[in-house]
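Down below is the structure, laid out as C-alpha cells.
Quick note on labels: first sequence line is chain A, next is B, and so on, each numbered from 1. All of these numbers come straight from a predicted model, not from anything done at the bench.
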2 protein chains.
Amino acid sequence: MSLDGQLPPKMRLLHAAAELLAKSAGASVSTRQITQLAGLTAPTLYHHFGDKEGLFDAVVTAGFEEYVAGERDFAPSGNPLEDIRRMWDNHVQFGLKQPELYLVMFGNLRPESRPAIVADAESLMEEMLNKAAAAGQLNVQPREAARSILAANVGVTLMLIAEPAAERNLELSTMTRDAMIFAVSPAQAEGAATEDSARSSVVVAAIALNAALQASHSDQLSSSELKLFLEWLHRISTSTSS
Amino acid sequence: MSLDGQLPPKMRLLHAAAELLAKSAGASVSTRQITQLAGLTAPTLYHHFGDKEGLFDAVVTAGFEEYVAGERDFAPSGNPLEDIRRMWDNHVQFGLKQPELYLVMFGNLRPESRPAIVADAESLMEEMLNKAAAAGQLNVQPREAARSILAANVGVTLMLIAEPAAERNLELSTMTRDAMIFAVSPAQAEGAATEDSARSSVVVAAIALNAALQASHSDQLSSSELKLFLEWLHRISTSTSS
DNA sequence: TATCACCTATAGCATTGCTATATGAACTGA
DNA sequence: TCAGTTCATATAGCAATGCTATAGGTGATA
C-alpha cells in the first residue's frame with residue numbers, strides 16, 4: 001500500500017480516507033483500514049480529527065473546495081447562460097468522477113448536519129445568475145433560480161450516479177439542464193401562461209426550426225439534404241392552414 | 001414502548017425498524033435497538049431477513065409501495081399536465097413526511113444496489129406522460145421526459161429535506177416543477193431560437209415539429225416527402241446536443 | 001405418540017468506534 | 001545545558017456492533 005511519500009500524518013490520513021472512500025462502493029470504511037493504509041494508529045486519527053465523522057467532514061470539505069475551484073476555473077464566455085450550462089456540466093462531471101464523495105456531500109443532506117455546503121453551492125450559482133439578470137437574460141430572481149437549478153442539477157447527478165457507468169446517458173443531463181435554463185430565461189415568459197391551449201402549430205414549429213437550423217450549422221444532414229429540408233420547411237412555414 | 005399488539009414477529013421487526021429509522025435523525029440504528037423494541041432477539045431478525053440490510057430493504061420496499069399507492073390514488077383530472085403536477089407534489093410530500101426513509105430510498109442510490117426503485121418511479125411518471133403525449137401536450141419522448149422530471153423532483157425533495165422544517169420554502173418545488181413541465185410542453189417552441197444555444201434549440205424545435213406534424217396530417221408535403229422529412233427530423237431529434 | 005419443519009432463545013465471536021495512559025520528540029526559557 | 005512544557009504518536013483495552021453456532025421449543029402431520 002502507498003505510504004503517501006512522507007507527507008505529514010494528518011494529510012496521510014486524509015488521503016487514505018479519501019482513497020478508501022472512493023473505492024468503497026458504498027460499504028462502510030473502518031478507522032482501522034484508514035489508519036493501516038496511512039501507516040499510523042488510532043489515537044493519531046482522533047488527535048487530529050476528533051472523530052471518525054470529523055475525518056470524513058474534512059474529506060468532504062476538501063472535495064468541496066476542489067469542486068468550487070472547478071466551478072470558478074473556466075473563463076466567462078460573455079454569455080452568462082452559456083456559463084451556467086458549463087457550470088451545470090462541471091457539477092455533473094464532478095459527481096461522476098467521485099461518486100462516493102458526491103453521495104456523501106449531496107446524498108445525505110439532513111437539516112441538522114451542514115446545509116453549509118448547499119448554501120455555498122447556491123451562492124456560486126447565484127453569482128453567475130446575477131450576471132444573467134444584469135444582461136436581461138433572467139425572468140426570475142437570481143436566488144430562487146439558483147436554488148431551483150442547483151436542485152435539478154443535484155437530482156440529475158444522483159440519478160446518473162445510480163445507473164451503471166456503461167448505460168449512463170448524459171442526455172438526461174443536457175435535457176434537464178436546458179429545460180431549467182430555458183424556463184428561467186425571459187424569451188419564453190409569455191408562453192408560460194398559456195399552458196393549456198398551447199398546441200403550437202406546425203407552422204410556428206417549422207419557423208422556429210428553420211431559424212434554428214440556419215443559425216446552428218448542424219452536421220446531422222448533408223448540405224444537399226439540408227437545402228431540400230429547408231425548402232420543405234419554407235413550404236410548411238408559408239402555408240396558411242394550421 | 002409499543003409492542004405492536006400481537007403481530008407476527010416479522011411485522012413487528014419491520015415496524016420497529018421503520019419507527020427507529022424515522023426518528024433516528026441520521027444516526028445509525030442498531031439491530032439490538034430493533035430487536036429490543038420488537039420484543040425479540042437477534043436470531044429471529046436474521047432468520048426472517050438474513051441481514052440487517054435485508055431488513056432495511058424490506059422497510060424501503062414497504063415505503064416504496066406506500067409511495068406508489070399515493071401516486072396512483074388520485075383521480076385523473078383530464079388534464080395530464082395537471083396530473084403530473086399533482087404527481088410531483090405527491091412525491092415531495094412523501095419525502096417531507098418520511099425524510100429518513102426517503103433519504104435511504106433516493107439519497108444513497110448506487111449502481112450496484114437497486115436502481116429498481118428508480119425504474120419503477122420512472123415508469124410511473126412515464127405512464128402519465130404518455131397520456132400527455134397522446135393529448136399533444138409533449139414535445140419530447142415520454143421516457144426521456146419522465147427521467148428528467150423525476151430527477152428534478154428528487155433533487156428538489158432532497159434539498160427541501162436538507163433545510164430546517166421552519167424555513168422550508170415550497171416555492172422551490174412549484175417553481176422547479178413548473179419549469180420542468182413548461183420545458184417539455186410544446187407551447188414554448190417558438191422561443192427556442194436564442195443566439196448561442198442554437199444547437200440544442202434545433203433539437204427542441206425538431207421534436208416539436210415532429211410531434212405537430214404527426215398530429216396534424218399536414219397536406220403540404222406528399223406522403224413520400226413526409227416520410228423522408230420525418231426521418232430527417234428523427235435524425236436531428238435524436239442527435240446528442242453538446 | 002413420533003416426526004419433522006419451522007421459529008425463537010442463549011451465549012458468544014470478530015470487528016467496530018473510541019479512549020486511558022504512557023512514551024517520545026521538539027521547542028522554550030534560564 | 002537542562003528542566004519544563006507542548007505536541008504527536010503508540011500500546012492496550014473497553015463497550016457496542018453485526019452476526020452466528022447451537023440448542024430448545026412449538027405446531028402440524030402421520
Side-chain angles (χ1 to χ4, degrees), chain A residues 1-61 100-101 103-104 108 110 112-114, chain B residues 1-61 100-101 103-104 108 110 112-114:
Chain A
M1 298 304 171
S2 83
L3 288 176
D4 272 341
Q6 278 308 337
L7 291 168
K10 191 169 180 178
M11 288 301 164
R12 288 197 305 201
L13 286 168
L14 262 180
H15 288 179
E19 184 177 334
L20 289 174
L21 178 68
K23 61 176 64 166
S24 73
S28 61
V29 179
S30 74
T31 58
R32 280 173 172 83
Q33 289 175 348
I34 297 171
T35 54
Q36 178 179 341
L37 178 58
L40 298 165
T41 52
T44 308
L45 191 161
Y46 293 92
H47 173 73
H48 288 288
F49 299 98
D51 217 344
K52 183 188 186 182
E53 196 186 332
L55 171 56
F56 279 94
D57 277 3
V59 172
V60 166
T61 299
E100 301 298 334
L101 179 60
L103 285 174
V104 175
N108 276 311
R110 288 182 178 77
E112 61 275 8
S113 82
R114 123 203 92 248
Chain B
M1 298 303 172
S2 83
L3 288 176
D4 273 341
Q6 277 309 338
L7 291 169
K10 192 169 180 178
M11 287 302 162
R12 288 197 305 201
L13 286 168
L14 261 180
H15 288 177
E19 183 178 335
L20 289 174
L21 178 69
K23 60 176 65 166
S24 73
S28 61
V29 179
S30 75
T31 59
R32 281 173 171 84
Q33 288 175 347
I34 297 171
T35 54
Q36 178 179 341
L37 178 58
L40 297 166
T41 51
T44 308
L45 191 162
Y46 292 92
H47 173 75
H48 287 288
F49 298 98
D51 217 341
K52 182 189 186 183
E53 196 186 331
L55 171 58
F56 279 93
D57 278 2
V59 172
V60 166
T61 299
E100 301 297 334
L101 178 60
L103 284 174
V104 175
N108 276 311
R110 287 183 179 77
E112 61 275 7
S113 82
R114 122 201 94 245

Checklist entry - Would you say B:T44 reaches C:dA9's phosphate, i.e. side-chain N/O to OP1/OP2 under 4.0 Å? => result yes

Checklist entry - Phosphate oxygens OP1/OP2 of C:dT16: is one of them under 4.0 Å from a side-chain N or O of A:S30? => result yes

Checklist entry - Between B:E100 and A:R110, is there a salt bridge with N-O shorter than 4.0 Å? => result yes

Next on the checklist: Just N and O in the side chain of B:H47: are any of them under 4.0 Å from OP1 or OP2 of C:dT8?
Outcome noted: no

Checklist entry - Roughly, in whole Å, what's the span from CZ in A:F49 to P in C:dC18? => result 13 Å

Checklist outcome for this item: A:F49 and A:K10 have their tightest heavy-atom pair at CZ-CG, 3.6 Å

Checklist entry - Whole Å only: how far is the CZ atom of B:R12 from the C1' atom of C:dT8? => result 11 Å

Checklist outcome for this item: Here the distance between atom C1' of C:dA20 and atom OH of A:Y46, to the nearest Å, is 14 Å

Checklist outcome for this item: Contacted region of DNA chain D by chain A, from 5' end to 3' end of the hits, cut-off under 4.0 Å to heavy atoms, spans D:dA8 to D:dG13

Checklist entry - Which nucleotide sits closest to the side chain of B:T41: C:dG12, C:dT10, C:dC7? => result C:dT10

Checklist entry - Out of A:L55, A:L21, A:L101, which residue meets the side-chain contact (heavy atoms from CB on, under 4.5 Å) rule with A:V60? => result A:L101

Next on the checklist: Go nucleotide by nucleotide along DNA chain C from the 5' end; which of B:A42 and B:K10 gets its closest nucleotide reached first?
Outcome noted: B:K10

Checklist outcome for this item: When rounded to whole Å, the NZ to C1' distance for the pair A:K52 and C:dT15 reads 12 Å

Item to check | Separation between OG of A:S24 and CD of A:Q33, rounded to the nearest 0.5 Å | outcome: 9.0 Å

Checklist entry - Does B:H48 place a side-chain N or O at less than 4.0 Å from the phosphate oxygens OP1/OP2 of C:dC6? => result no

Checklist entry - What's the CZ-P distance between B:R32 and C:dG12, to the nearest Å? => result 13 Å

